[in-house]
Structures are given as C-alpha cells and as structure tokens.
Amino acid sequence: MSKDLNKIYEPSLVEDKIYDFWQNKGYFEAKVDPTKKPYTIVIPPPNITGKLHMGHALDDTLQDILIRFKRMKGYNAVWVPGTDHAAIATEAKIVEAMKSEGLTKEDLGREKFLERAFLWKEKYGNTIIEQIKKLGASCDWSRERFTMDEGCSKAVNEVFVMLYEKGLIYRGERIINWCPKCKTSVSDAEVDFSEKEGNFWHIKYPLTDGSGSVELATTRPETMLGDTAVAVNPNDERYNHLVGKTVMLPLVNREIPIIADEYVEMDFGTGVVKITPAHDPNDFEVGLRHNLPVINIMDESATMNEFADKYKGLDRYEARRQIVADLEQEGLLCKVEPIKHNVGTCYRCHETIEPRVSMQWFVKMEPLAKPAIDAVKNGDTKFVPARFDKIYFNWLENIKDWCISRQLWWGHRIPAYYCKDCGEVIVSRNEVTSCNKCGSKNVVQDEDTLDTWFSSALWPFSVFGWPDKTEDLDYFYPTATLVTGYDIIFFWVVRMMFSALEYTKKVPFKTVLIHGLVRDAQGRKMSKSLGNGIDPMEIIEKYGADALRFTLATGNSPGNDMRFSEERVSASRNFANKIWNAARFILMNLNGLDVKNEIPKQLKFEDKWILTKLNEVILEVTNNIEKFELGVAVQKLYDFIWDDFCDWYIEFSKIRLQNDKTDEITAQNTRSMLVYVMTETLKLLHPFMPFITEKIWQVLPHAGNSIMVSAYPEFNKDYCFESQKIQMESIMEAIRAIRNRRAQMNVPQSKKAKVYIATNNEPVFEDSKLFIEKLTYAGQIEIAESFDLPDAVTIVLPETTIYIPMDELIDKKAELIRLQKELDAAKKQVEQTKSQLANDGFMSKAPANVVENVKRIYETLKDKMESLESAILDLK
RNA sequence: GGACGCAUAGCUCAGUUGGUUAGAGCGCUCGCCUCACACGCGAGAGGUCAUGGGUUCGAGUCCCUUUGUGUCCACCA
C-alpha cells in the first residue's frame, strides 16, 4: 500500500483493494478450534431477488461491528452469510418477467420454470452478495449458503418428516388466507390489514314460512351465494323465536336455517349475521359447530365458479355490483351505509386476501410454542431491548396453526406422496416411487411447496450441517447473537426459536439484538411506491462505506427507528477525513525516522493526560459494545478522536515538535506517543470504520499484517493518571478562558499580549507555559503566586487568576459588570453546594465519591468567589 | 378493543446501573485559508428535558396521571 496520503480521503481508491486484501489473506474464515471460544452470527439471509436497501445496510453493519469486535477480542468469530429463495416474492418476479415474453408458468411447465428460476437466482443472488461485500462485511464467504441448496433442503425434508411422524404436521381442509393474484395460500403472518372505504349493505332474507323477513348487514354481499345459514345470538329476544325456522336465500333460492350462536354480537349491525363457511374464518368456525355445508363459490383467482349460478365467470367485485343491483331490483336491499373497515391484503402483492377453504398442510403450533415461550421467560434467549419479549409472548400465546403449504413451484416441494390406487399418504425423506401399502407404482408427489419461512426457520443450524452431527454444529452452534429488525420477529425469530428447540433441543441464539426501521429524512418509511428509498450503493460511492456505516451506527439505539439523511452521511465523511488528516500529520512528522509504536518511558503532562483519556475510552467503548450500546460507543470514539486527540493532543504535540527548545528525546517520545495513541484509537474504531482504519494502520509503524486481526485495546490502569489529568485540564481551562476573553474583545491573533498568571499551582503552569503561550497567541507569560495589576483584563479560575494588561482595549465599566455577573453566579453555586453539604441526608446516604466531589467543587467555588471579589476591588 | 414506543437546543437525535455545570450533528452569530484537515480552526448564542403529582439526600433518568404523537396485535359480519 502506498505511503503517500492525499489531502482529502478518497474511499473509492482504497476500499475494494483492502477488501480483497482481507479476503485473500483468509481473515474472514473461521475453522473449528477448541482452543478458542466461538462467537457465531448467522446473517438474516436476504432475498435473492432483492437489491441491498438501507435496512440491510443497517442490519449488516451492526453484525459486522459485533463480529469484528469479537474477532479482535480473541474469539473465533464466524459470520455465516447466505441468501433466501424467497418463494412467493421470487416466483412473482419471474412470472412477471415471463409476461413480457407472453409466457405463463403453465406454458413452461414445472421443470422448465424451475430451470429459469435457478438461472435467475444465479444472476440476482450474486448482486446482493457483492453489495454486502461493498459494505465491508467480514462474512466467511467459504460458508455461503442458500436456503434451497442441498444441505438446507435436506434439513427441510428431515424436519417435515420428523414433525409428521410426531403428529405435529397434518393435512386438512381448512379455511386459509388466499391471495388470488399470487394464487397461493399465505400464513396469518403474511396478511397485512389496511383500512379501506367500504359499504355496509343491509339485505332482507325472507322467511320461508312467509311470515316476514330478517334484515342483516354485510360488507361482502357477493359471498351470500355461499351462505349456508343465518345466525343470531341465543340471548337476543328480538330473534329468539326465529331460531329453527328457515329463510330463503335470495337470488339463489336455497333454503337455509336460522341458527343461534354466541359468536353473534347483539348490538352490532342488525344482530343477524349471514354465515358463509367457505369465505369467512369466523363463519367457518360457526359452520363446524353447527355442521353446516361449505359452499365454495370462487375459484383460485377469486372468480365466481359454477356454484355461483348465473354469476359464474364474474370476478368477485363485478359479481358484487351485479348482486347488489339484482337485490335492489327485487326490493331486498334496505340500505347502503358507507363504512371504513380493515381489509386483509397480501404482504407481497397487496391484493385483497380471499379467505378460502382448501386442502393444506399445517404445523400444529401449541406444543411447539410452549418451549419457545419458556426459553425467553427463563432467560436462555434475551431480547435487546427487553421490551420486545412482550411482542414475542403475545404472538406465541395467541398462535394458530401454521399453514405451510404454498401453491407455488419455487420452493421446497412437500415430501408427501399419494398412492393413486389405494389412497395411501406417504411422507418420506427420500423420493417415493411405489406405494408401501399396496405396492402400486402409481404414486405422485404433492404438487405444493413449503412456506419460505419453513426453511429460514432452520437457518441457524442448517447452515452448520444439521441434521448431520457435524463438528461445525457442535462448535459454532448455538449462535451468539441474532441481529434483526422488529418487523420480522413474527415471521422469523419466533419460528427459529420453536424450530431450534424442537430439533436441536437448544435455543438458536443467546441474544436477539433488535433494531428499528431506517426512515427517510421526513420520517417516512422508505418504500418503492413512495420512491423515497436511498440506495446504499450510491451513498457508498459518494461518501464511502465507512461513512455509511458510521452514520447507521451513530445516534441510534436498539429497537428504535432512525432517520437517514445525506447530511448525516456527510458529517460522517467529514469525521473520516478528520482522522485521515490526523494520520497525515503524524506521518509527516515521522519523516523517515525510526519511531517506535510504544509508550515512551518519559511522559509529559499532556502524554499522561491523553493516555488517561485513552484508557477511559477503551473501558467505556468496550463496555458499551458488550452491552450492544453501539451508538453510544461510537459517539464516545468520535468525541475522543476529534476533541481530545485532534483538538488538543495534536496541538500540544505541534509545540513539542516545532519548538527549538524541545530536546530530541522529547520530540522522539512525542512521535511515539502520536503513533501509539493513533494506533490504539484506530483499533477501537476498526469495527465501525474498517477500511480507513486499516489503510492508516498499514502506513504507520506496526507489527502484524492487518488491524482486523490485531488485538482490541485493553484497559490498563498503569496508564491512568488521575491527578495529572485534572491538572492538565486546568491548563486547558485557562487556555480556553484566555481565548474567550480575547475573542470577546476582538483582539486579533496578530496582537500578542503579555499574560500574567497568578496561581498556587506554579510548577504545573510552568511546565505548560509554552502551550499557553502558543495556543493563546500570548506575547510572554509570567507566572507567580500573585500580581498587582489593577488595569488588566482579569480572568478568575479556580486556584488561578489571569491578568492581561491591555490598556487601550479595556472598558473598565464593562469589565466590572462582567466580573460582578460571574461573582453572582459563583455565589449562587456556593450556596447550593453549601446547603448540600449541610444536608444530613445527603452526607449520610450519598456515596463517598459523590460527597468528595461536592466538597471539592465547594472549595474551588469559594476560592473563585474570593478571587472575583478581590479582582473587583482592584478594578475599582 | 389490547399492548408497546416516543415527546430533551431552530431541525434530527444521543443521554449506559438516578449523582449535582444535560451533549452531538446540522443550522445560526462573531473572528480566522494558523505550515494535518475550509470535509477545517477558535469563540459564542440557544434547553423551566411535554403536563401534573409521587418516591429519593438527589430525577431528563424510577412510579402514577393527563395531553400529543407513532407502531404493532386483534377485529363485529
């Protein structure tokens, strides 16, 4: 890598090269090693159809921070990457693409269609992988998996068979959510409810005995063709007497009973409900209780079928219009009431879901849910933040059986076979060619495939070779941390939990780190339809991956949504540039000299100060990362690097390095300090900004091949110098105060003024004389215990008073007012602390260090007050 | 209907187990192209931490109330 650093950091020139370097060295790869502790993360596998969006970028950034941190901490860290076949989403896209060629699925046939799908996967599955690499993700690519690869498919078959044999998978004719556009069933989790404008149509059903009619209300009049009863509440006195009678279903003239069922709410609508078991989940339940026939009036695309009589062939909405018109003509339509109601839509295509009775496969959830609830209740798996366990419990405690069969071709084909001769159902791990009951060869496999989440539920262990007992599984599983958004707790986290507990008898991960959604600058969800999505790749190209990562990690706490704006990325880019230039400064001063990357034996005040600050930040950042407070950690690093290291330490070092009074040993020590502190800081920052830290690390004196495999800094109390730190900070305070006064008085930097420092801390100030002189543009510094300078600008600090004689600039009156104001403030504070120290409760209950602190503040404030008083007297 | 989150500087947000002078970025004001950096430097202005109450020696932080706002779950046809 080249040694010359440009004035402006250009990420695009270095990132790809560094990534290749890491990969070629094999640093991302982890192998079983019993001498090291494993740390495992499996990536939430992105859809093969997808492009990387900000949500992925956030998710992957957080995972990479954890993985890189743990790797540097000495763990055998492995991050397993891969992609998800995303059954319904992918199939929809392929079908859509085929449309332009005038082809349908059926034209191609299953086999040809799957060929196309695999080609599609090759093409698009790789783009997202390449994009994840651009982010700097240190995934072990030698372990890349796909939910439909051989191993994962084997796991799927195994699970299906196991559950079937245990009686936890069954096949049955039930009402399910049907998407008429995707032409498949979807699970409850895959239905999105959205509020839509609709009507409440009040319809009259005449009693068969001619004694009148009942009025009922419905939002979906077209389903009346499938009505098989009318229901009222058994306690409803208005309708009690009608129970047992029958009504004549209008338009179709079918006689149906009036039944009583608790499900009917008396005070909603008219208190009479039409019962359509084939097209409403609640009605289906009612139908089961009363043994009602189920009449399915629609086909797979929600078009009316032969049971719809003369409406056959109409789509459901057209049928609705006609039925309403016909009812009106027959005088059976009482009124139309506009209402807003929630309508279920397909989470993939947003088509209105049609509840439909059909033959499907289900997973019996109750026995599986219980251990999953217990595992979180007893702390085997923890959510971060913890509040998400409530959402998790709520879902599992109210769970219904999971419909897992999909009428799709792209996916894991259900390993069930049917004998056409004897009707035997055979569920098998291997392909079945003959009936094991009657021996017939006339056996066919189930046409359906499995819900895409069925395979992703197995991801944490299928990637390590389960169901085989592999070394990897034994060593890397269970995984340590799962990082994902709160929006897929139901889809994925829940299902991994109960699957893992059932098949591996272990929780799949110890911690679930939940993050929020990345929203746009106005706080709106990024979406295709709004067109407000920001492409992470464009951001990386413009600002660099480090800037993007830094932005996503900063100002964001677990579980909360964040807003993304380019301004924030630009601020992150500026930070990267700041580090870059600090490095340039150091490099410039190494100047081909042999400088050791170590703490020198002789330490100056400022060295002890920065080492103390460094150790504090090491301790805090490490703790923060371990507690998943990544946003806090990165903020602390930002402050340390910019405020402490760049604004102060580098400025001090300039004076040491440029001053002719500095001896060569001190200069050399300063160079070592710069290199050492910079290197340690780069290591601390590496998990967050891997590229720039590697680039700079490489050009500074170092041992080893790469920062990413170096050891993360450890807190060392031998380099914490509390009292020196405080003293150094008093010097900095003085510098700041002098600058402040000069700025307020509009003194140009070119005007050098003499500065008198009265202090009882002489040795410290003497040592830092040069710093004060250079950093405040002072002409000359005098230090003594006291001065008698009545006509000077006076700055009162704890234990120190500074005088700047500037006759022509002093406005005595203004100066007096200022000092008086300060005195008033100091007095107030003294009173506050005094009363606190007089408070018995505080003195007896507050911890010693807090009391000490208040005592110290009280003393210095009192001191300051006295100095201010005398300064006012002097000026008068 | 149920559950949960948020409300802190003009804007967007941090604030770690309660500890005394509440922070950052952007924006704003003043002065600087100071030989690492104008993607910068120095100095500032700006906050009764939504409301009311409580616990505590001490509350932005813990508990309750109210208001506003957002999300999720359920769903009455």
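Just so you know, these numbers come straight off a predicted model, no measurement behind them. Proteins get letters first, then strands, A, B, ... in listed order; numbering begins at 1 in each.
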Measure the distance from [atom1] on [X] to [atom2] on [N] and round it to the nearest whole Å.
{"X": "A:Glu852", "N": "B:G19", "atom1": "CD", "atom2": "C1'", "result": "14 Å"}
{"X": "A:Lys834", "N": "B:C57", "atom1": "NZ", "atom2": "C1'", "result": "19 Å"}
{"X": "A:Asn853", "N": "B:G58", "atom1": "CG", "atom2": "P", "result": "19 Å"}

B:C26, OP1 or OP2 - any side-chain N/O from A:Arg568 closer than 4.0 Å?
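No.
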Return no unless some side-chain N or O of A:Thr219 is found under 4.0 Å from OP1 or OP2 of B:A77.
no
When the [atom1] atoms of [M] and [N] are compared, how many Å lie between them, rounded to an integer?
{"N": "B:U66", "M": "B:U56", "atom1": "C1'", "answer": "24 Å"}
{"N": "B:G46", "M": "B:G23", "atom1": "C1'", "answer": "14 Å"}
{"N": "B:G52", "M": "B:U16", "atom1": "C1'", "answer": "29 Å"}
{"N": "B:C73", "M": "B:U20", "atom1": "C1'", "answer": "43 Å"}
{"N": "B:G19", "M": "B:U61", "atom1": "C1'", "answer": "11 Å"}
{"N": "B:C33", "M": "B:A9", "atom1": "C1'", "answer": "30 Å"}
{"N": "B:G31", "M": "B:G25", "atom1": "C1'", "answer": "22 Å"}
{"N": "B:G18", "M": "B:G58", "atom1": "P", "answer": "15 Å"}

Nucleotide of [options] approaching [X] most closely (side-chain heavy atoms):
{"X": "A:Phe490", "options": "B:C72, B:U21, B:C26", "answer": "B:C72"}
{"X": "A:Lys578", "options": "B:G40, B:C75, B:A77", "answer": "B:G40"}
{"X": "A:Trp395", "options": "B:C37, B:A14, B:A74", "answer": "B:A74"}
{"X": "A:Asn574", "options": "B:A43, B:G40, B:G15", "answer": "B:G40"}
{"X": "A:Phe842", "options": "B:A77, B:C57, B:G15", "answer": "B:C57"}
{"X": "A:Asn394", "options": "B:G19, B:G15, B:C73", "answer": "B:C73"}
{"X": "A:Asn839", "options": "B:C75, B:C57, B:A77", "answer": "B:C57"}
{"X": "A:Phe585", "options": "B:A36, B:U16, B:U71", "answer": "B:A36"}
{"X": "A:Arg739", "options": "B:C75, B:G40, B:A43", "answer": "B:A43"}

Classify [X] by what it touches in the nucleic acid, base, sugar-phosphate, or nothing, heavy-atom distance under 4.0 Å.
{"X": "A:Asn740", "answer": "sugar-phosphate"}
{"X": "A:Lys636", "answer": "base"}
{"X": "A:Tyr263", "answer": "base"}
{"X": "A:Phe388", "answer": "nothing"}
{"X": "A:Ile391", "answer": "nothing"}
{"X": "A:Gln836", "answer": "base"}
{"X": "A:Glu265", "answer": "base"}
{"X": "A:Arg220", "answer": "nothing"}

By side-chain contact (heavy atoms from CB on, under 4.5 Å) - contacts of A:Val850 (at least two apart)
A:Phe842, A:Pro847
Test of understanding: with side-chain contact (heavy atoms from CB on, under 4.5 Å), list the residues that count as partners of A:Ala667, not counting sequence neighbours.
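Partners of A:Ala667 under the side-chain contact (heavy atoms from CB on, under 4.5 Å) test: A:Leu657, A:Thr662, A:Glu664, A:Arg671.
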Expected list for residues 638-654 of chain A near RNA chain B, using heavy atoms below 4.0 Å, is A:Tyr638, A:Trp642, A:Cys646, A:Asp647, A:Ile650, A:Glu651, A:Lys654
Sorted by number, the residues of residues 843-850 of chain A with heavy-atom contact under 4.0 Å to RNA chain B:
A:Lys845, A:Ala846, A:Pro847, A:Val850
Between A:Met562 and A:Met266, whichever has its closest RNA chain B nucleotide further toward 5' is A:Met562
If you find the nucleotide of RNA chain B closest to A:Thr833 and the one closest to A:Gly559, which residue's nucleotide is nearer the 5' end?
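Nearer the 5' end of the strand: A:Gly559.
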Which heavy-atom pair separates A:Leu58 from A:Gly516 by the least distance, and what is that distance?
CD2-O, 3.8 Å
Between the side chains of [Y] and [X], is the shortest nitrogen-to-carboxylate-oxygen separation below 4.0 Å, so that they form an ion pair?
{"X": "A:Asp261", "Y": "A:Arg289", "result": "yes"}
{"X": "A:Glu733", "Y": "A:Arg736", "result": "yes"}
{"X": "A:Glu822", "Y": "A:Arg818", "result": "yes"}
{"X": "A:Lys542", "Y": "A:Glu566", "result": "yes"}
{"X": "A:Arg220", "Y": "A:Glu354", "result": "yes"}

For the base of B:C4, is there a side-chain donor-acceptor partner from A:Arg387 under 3.5 Å away?
no
Side-chain donor or acceptor of A:Asn342 under 3.5 Å from a matching atom on the base of B:C75?
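Side chain to base: pair found, below 3.5 Å.
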Range-with-range stems of RNA chain B (Watson-Crick or G-U pairs under 3.5 Å, three or more in a row):
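Output for stems: B:1-7 with B:67-73, B:10-13 with B:23-26, B:28-32 with B:40-44, B:52-54 with B:62-64.
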Donor-acceptor side-chain pairing of A:Glu215 and A:Tyr205 below 3.5 angstrom:
no
Quick one about A:Asn624 and A:Glu620 (side-chain donor to acceptor, distance below 3.5 Å, no hydrogens or angles considered), yes or no?
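Per modelled atom types, A:Glu620 and A:Asn624 side chains form no pair under 3.5 Å.
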Which of parallel (below 30°), tilted (30 to 60°) and perpendicular (above 60°) describes A:Phe575 and A:Tyr638?
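Ring orientation of A:Phe575 relative to A:Tyr638: tilted.
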In terms of ring plane angle, is the pair A:Trp648 and A:Phe652 parallel, tilted or perpendicular, where the classes change at 30° and 60°?
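A:Trp648 vs A:Phe652 ring planes: tilted.
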Taking ring pair (Phe, Tyr, Trp, His ring centres under 6.0 Å) as the test, write out the residues that go with A:Tyr347, two or more places apart.
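With sequence neighbours excluded, A:Tyr347 shows a ring pair (Phe, Tyr, Trp, His ring centres under 6.0 Å) to A:Phe491, given in chain and number order.
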With A:Lys654 as the cation and A:Phe585 as the aromatic partner, state whether NZ or CZ is under 6.0 Å from the six-membered ring centre and within 45° of the axis.
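Checked: cation-pi criterion met.
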So, do A:Arg742 and A:Tyr777 sit near enough that their side-chain heavy atoms are less than 4.5 Å apart?
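SC-SC contact between A:Arg742 and A:Tyr777 confirmed.
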